[in-house]
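Heavy-atom basis, side chains included; hydrogens, waters and symmetry copies ignored.
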Amino acid sequence: MQYETQVWEPTPEHIVQAAKLLRRGELVGMPTETVYGLAANALDEQAVAKIFAAKGRPMDNPLIVHIAHKEELGRIVREITPTVEKLMDAFWPGPLTMVLPRRPEISDAVTAGLDTVAVRLPSHPVARKLIEEAGVPLAAPSANTSGKPSPTRASHVYHDLKGKLPCILDGGSCQVGLESTVIAVGENSARILRPGRVTVGDLLKVVEQVQVDDGVFTKLEGNQKVASPGMKYKHYAPSAHVVMVDGSITQFCDYVRTHAQEGTAVLVFDREKSLFDLPVFTYGSFSDQQSQASRLFDALRQMDERKDIKTVYARAPFPDEVGMAVYNRLLRACGFDVVDLKNKTHVYGLTGQTGAGKSTVADLLRKQGIGVVDCDVVAREVVQSPTLLDRLAKQFGKDILENGVLNRQRLADRAFASKEATQLLDQIMFPPILQEARQQMDRLAAAGHRIILLDAPTLFESGADAQCDAVITVVAKDEIRRKRIMARDGLTKEQAKARMEAQLSREFLEQHSDYLLVNDGTPEQLEEQVLALAMKLKHPQLTEMGKGNRHG
């Protein structure tokens, strides 16, 4: 049957109309906090069959049943254990789906013939009101053509399913942006079948043990039965072929440069957009997994608007916390076509306001076994070049050299006297400094360092931030910094102020950084921040689970 699909604002009147359609066995596009769902009466087998027909979905891919209140769970499942009760109290309403023994009223069409059913209670007010008004539980997979990126806006549903359902309730953009976490519930334990916004760490606050199913990261065979949607088939894929490249930004750039052909594009993090002459799609910040989750499907759909794009190389996220869900979706979008750049090295830029304590942070991270390239030291090395000294003398006066040796204080006084003078110094110094820093980073990588810190006071001004996977910035209050600079360098208050004003603003640094360290307190407080950051960089999976927790 062909419908003239309507997109409705979720007014009380429209919700009542949509609920009537559901009770009559029709389909409705429904907003949730995760993605838009294609809803049908879960107790009506013929209505459920329409979901599979509209989506082109394989019949052995089970559906999730949505309820409006915890008390309704007893209509769906045979037993509600104390562990289920604890999980409901902690995460419902919200993006957690539990796979539980089903009651006979739930048809095989919903469960793909399994003895279990997947159930969740969404937090989106429109979804809950629609379920309440319909008076029946709703089976609702993502409202897209099967295999395509999931819809996070009503327009996505309309694009994929126009003519296949009577109406779509437009609840705006989905907050989470990825489908719910699906778990099998055991005795004080959970097994993640599909990762989502509710993470391993979240679950470990409620149950003693959490395992991650092999199907999260492994391709399952075609004849294997699965208890959760999103485990078996290629999903979320645009028309272009996606290849996930797992490595640092430098390795990624080298790989793309070698393999790019006509029709090639890249999917990268926001900071990296300027590195490519190819078509670029972005999906959030390297360090902000929430932004990655909320923007991934939008980016995948944008690719389909470019018919000239045939291949997309995608930067792999860290598969920890919410990043596990993002990695899982990309893994299926690329059909498990992954390039794993062995022995990959990640580079983190370290910068900060003068007097904020950047050098102290670098020393603390070095003690944690992280390789550090100090651009101040590099600058002192490269400035010994006679050619470079000659250029500096021509621009800032011959008297900055005393018997061929650079008077650093005299150069600093002149270079920081105005922004124009500072920019001139940068133009002369940045290229040789970055070249030598790159060589030192390569030597550290060759020596086995997998995390390298590029300590650069002018990280942004030099453009070196684009070569880093993420940026760490150290800041402090102006008065604290001024006192530190005067004591450290023997400067007057006015000289210290001039140094401070020659730098980028704190607002700029905070907006363009991934990790912020605030050094307004004691050395012990700074060290505590740095040790936590070192743990995050070296062992991202442990920051969520905790050393004493078990994880399979």
Side-chain angles (χ1 to χ4, degrees), residues 148-153 155-156 159 173 177-178 236-319 322-323 325-327 329-335 337-341 344-349 434 438 454 459-471 508 511-514:
K148 289 296 183 182
S150 296
T152 56
R153 304 178 189 179
S155 59
H156 298 163
H159 177 272
S173 296
L178 293 180
Y236 324 119
S239 299
H241 176 55
V242 179
V243 179
M244 184 158 61
V245 181
D246 194 353
S248 69
I249 182 57
T250 302
Q251 291 168 318
F252 181 86
C253 290
D254 291 342
Y255 185 88
V256 171
R257 194 177 300 113
T258 304
H259 293 80
Q261 299 177 352
E262 186 177 352
T264 296
V266 294
L267 175 65
V268 296
F269 302 115
D270 292 341
R271 184 192 309 287
E272 301 157 0
K273 186 174 183 178
S274 62
L275 297 176
F276 303 92
D277 294 329
L278 304 167
V280 178
F281 303 93
T282 60
Y283 73 113
S285 165
F286 176 85
S287 63
D288 184 357
Q289 296 174 332
Q290 299 292 350
S291 68
Q292 296 169 20
S294 65
R295 291 171 53 188
L296 176 63
F297 287 149
D298 269 356
L300 293 175
R301 283 186 170 269
Q302 288 169 19
M303 294 173 190
D304 275 341
E305 298 174 7
R306 292 284 302 269
K307 303 305 179 185
D308 57 321
I309 294 174
K310 307 301 180 186
T311 303
V312 178
Y313 293 111
R315 278 268 275 149
F318 274 129
V322 178
V326 181
Y327 189 96
R329 302 313 192 272
L330 262 179
L331 192 60
R332 278 155 175 76
C334 70
D337 189 353
V338 180
V339 176
D340 188 2
L341 302 176
K344 47 188 172 284
T345 299
H346 288 287
V347 176
Y348 293 86
L434 293 180
R438 181 74 262 170
L454 181 62
L459 186 78
F460 292 108
E461 296 92 330
S462 66
D465 63 297
Q467 303 296 325
C468 302
D469 290 297
V471 172
F508 176 93
Q511 288 178 349
H512 292 79
S513 299
D514 300 284

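F281 places a side-chain heavy atom less than 4.5 Å from the side chain of R306. Taking 4.5 Å as the limit, every side-chain heavy atom of S173 sits out of range of all side-chain heavy atoms of T152. Side-chain contact check for I309 versus M303: every heavy-atom pair is 4.5 Å or farther apart. Contact check for R301 versus P151: side-chain heavy atoms found under the 4.5 Å cut-off.
Ring pair F508/H512 is parallel by interplanar angle, where below 30° counts as parallel and above 60° as perpendicular.
Note that the OG1 atom of T264 and the NE2 atom of H241 stand 11.0 Å from one another [nearest 0.5 Å]. Rounding to the nearest 0.5 Å gives a distance of 6.5 Å between CD of Q302 and CD of E305. Expressed to the nearest 0.5 Å, how far CG of D337 lies from CG of L330 amounts to 12.0 Å. Atom OG1 of T250 is separated from atom NE2 of H346 by 10.5 Å, given to the nearest 0.5 angstrom. Going from atom CZ of F286 over to atom CD of E272 covers 8.0 Å, rounded to the nearest 0.5 Å. Once rounded to the nearest 0.5 Å, the distance linking OG of S291 with CG of L296 reads 10.5 Å.
Between F269 and A316, the shortest heavy-atom distance links the atoms CZ-O, 4.1 Å. Among all heavy-atom pairs drawn from P149 and L300, the shortest one is CG-CB, 3.6 Å. Closest non-hydrogen pair, V242 versus A314, comes out as CG1-CB, 4.1 Å. For V322 against Q290, the heavy-atom pair with the smallest separation is CG2-NE2, 3.7 Å. Of all heavy-atom pairs between S462 and L434, the closest is O-CD1, 3.7 Å. The two residues R315 and D469 come nearest to each other via the heavy atoms NH2-OD1, 2.9 Å.
Under the rule for a salt bridge (charged side-chain N to carboxylate O under 4.0 Å, His left out), the partners of D465 that lie at least two apart in sequence or sit in another chain are R271. Looking at residues two or more places apart in sequence or on another chain, you find no ring-ring contact (aromatic ring centres under 6.0 Å, His included) involving H159. By the salt bridge (charged side-chain N to carboxylate O under 4.0 Å, His left out) test, D270 is found to be paired with R295, residues two or more places apart in sequence or in another chain being considered. Remark: R438 engages D442 in a salt bridge (charged side-chain N to carboxylate O under 4.0 Å, His left out) (not counting sequence neighbours). Every salt bridge (charged side-chain N to carboxylate O under 4.0 Å, His left out) that D254 has, sequence neighbours left out, goes to R257.
Considering L341, D246, V266 in turn, V266 is the only one that fulfils the side chain to side chain contact (heavy atoms under 4.5 Å, CB included) rule with F252.
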Tell me, with the steps shown, if Q467 and L454 meet side-chain contact (heavy atoms from CB on, under 4.5 Å).
CA-CA 10 Å; Q467 303 296 325; L454 181 62; 6.0 Å; no

side-chain contact (heavy atoms from CB on, under 4.5 Å) between Y313 and V339: does it pass, once the steps are laid out?
CA-CA 10 Å; Y313 293 111; V339 176; 6.0 Å; no

Are V326 and Y283 close enough, and set up right, to give a side-chain contact (heavy atoms from CB on, under 4.5 Å), and what steps lead you there?
CA-CA 10 Å; V326 181; Y283 73 113; 3.7 Å; yes

Does the pair C468 and V347 meet the rule for a side-chain contact (heavy atoms from CB on, under 4.5 Å), with working shown?
CA-CA 5 Å; C468 302; V347 176; 4.1 Å; yes

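Listed by first and then second residue, the salt bridge (Lys or Arg N to Asp or Glu O under 4.0 Å) pairs that reach into residues 277-292 come to none, sequence neighbours excluded.
Other residues, nucleotides and ligands contribute more than 12 heavy atoms inside 6.0 Å of the CD atom of Q511.
S248 contributes a side-chain N or O that, together with a main-chain N or O of T345, makes up a donor-acceptor pair within less than 3.5 Å.
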